[in-house]
Amino acid sequence: VQLQASGGGLVQAGGSLRLSCTASGRTFSNYVSGWFRQAPGKEREFVAAISRTGGSTLYADSVKGRFTISRDNAKNTVYLQMDSLKPEDTAVYYCAGSRLLTSRDGNAYDNWGQGTLVTVSS
């Protein structure tokens, strides 16, 4: 499956953004979807994941209560709603797909989008 992320941009602290990741090529509903991010000079980290049906979600502790992951299988799209953004949320955000179980481990994901930059100013 090919993944295309969009929706990044510049926002002030406390603001909101919604990222989208649209899939093509294979049956999107067969894949667990995840969002990861990588800040400058730091390693990639898990943000959120959602099961194939959307019935189960996982979040990193750093975003729990502020970010919401969802999916629309009819539109082959997964979303990441980001509220109460903080400067430390600044990173390139990547969407990913996995044929395995919903996981925080990036190694479980074998399909990756190109990334979209989110910059949060203080």
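Here, residue 1 is the first one in the sequence, and each next residue gets the next number.
Closest heavy-atom contact between Ala13 and Pro87: CB-CD, 4.1 Å. Across every non-hydrogen atom of Asp105 and Asn107, the tightest pair is OD1-N, 2.9 Å. Smallest separation of non-hydrogen atoms from Thr116 and Ala5: CG2-CB, 4.2 Å.
Sparse packing is recorded around CZ of Arg99, with 12 or fewer heavy atoms of other residues, nucleotides or ligands lying under 6.0 Å away. Other residues, nucleotides and ligands contribute only 12 or fewer heavy atoms inside 6.0 Å of the NZ atom of Lys42. Counting heavy-atom neighbours within 6.0 Å of Leu10 CG, excluding the residue itself, gives a total above 12.
Remark: the backbone N or O of Ser51 is paired with a side-chain donor or acceptor of Arg71 at under 3.5 angstrom. Proximity of a side-chain donor or acceptor of Arg52 to a complementary backbone N or O of Asn30 within less than 3.5 Å is detected. A donor-acceptor pair under 3.5 Å is absent between the side-chain atoms of Arg104 and the main chain of Phe46, judged by distance alone. Ser98 places a side-chain N or O within 3.5 Å of a backbone atom of Ala108 that can act as its donor or acceptor partner. For Gln4 (side chain) and Gly113 (main-chain N/O), no donor-acceptor pair under 3.5 Å exists by modelled atom type. A donor-acceptor pair is defined here as one N or O able to donate and one able to accept, closer than 3.5 Å; no such pair exists between the side chain of Asn73 and the backbone of Thr27.
At a cut-off of 3.5 Å, with distance as the only test, a side-chain donor of Asp83 or Ser16 sits close to an acceptor on the other residue.
Residues Ser62 and Arg37 meet the side-chain proximity criterion, which asks for heavy atoms closer than 4.5 Å.
Through side-chain heavy atoms spaced under 4.5 Å, either directly or across other Ile, Leu, Val, Met, Phe, Trp or Tyr residues, Tyr93 is tied to Val11, Leu17, Leu19, Phe28, Trp35, Val47, Ile50, Tyr59, Val63, Phe67, Ile69, Val78, Leu80, Met82, Leu85, Val118, Val120.
With sequence neighbours excluded, no residue forms a side-chain hydrogen bond (donor to acceptor under 3.5 Å, both in side chains) with Thr102. Looking at residues two or more places apart in sequence or on another chain, you find a side chain to side chain contact (heavy atoms under 4.5 Å, CB included) between Val1 and Leu3, Ala23, Arg26, Tyr31, Asn111.
Of the inter-residue distances, the one linking Cys21 atom SG with Asn76 atom CG reads 10.5 Å to the nearest 0.5 angstrom.
Between Phe36 and Tyr109, the two ring planes are perpendicular [angle over 60°; tilted spans 30° to 60°].
Comment: Asp89 does not engage Lys86 in a salt bridge, judged by the lack of any side-chain N to carboxylate O separation of less than 4.0 angstrom.
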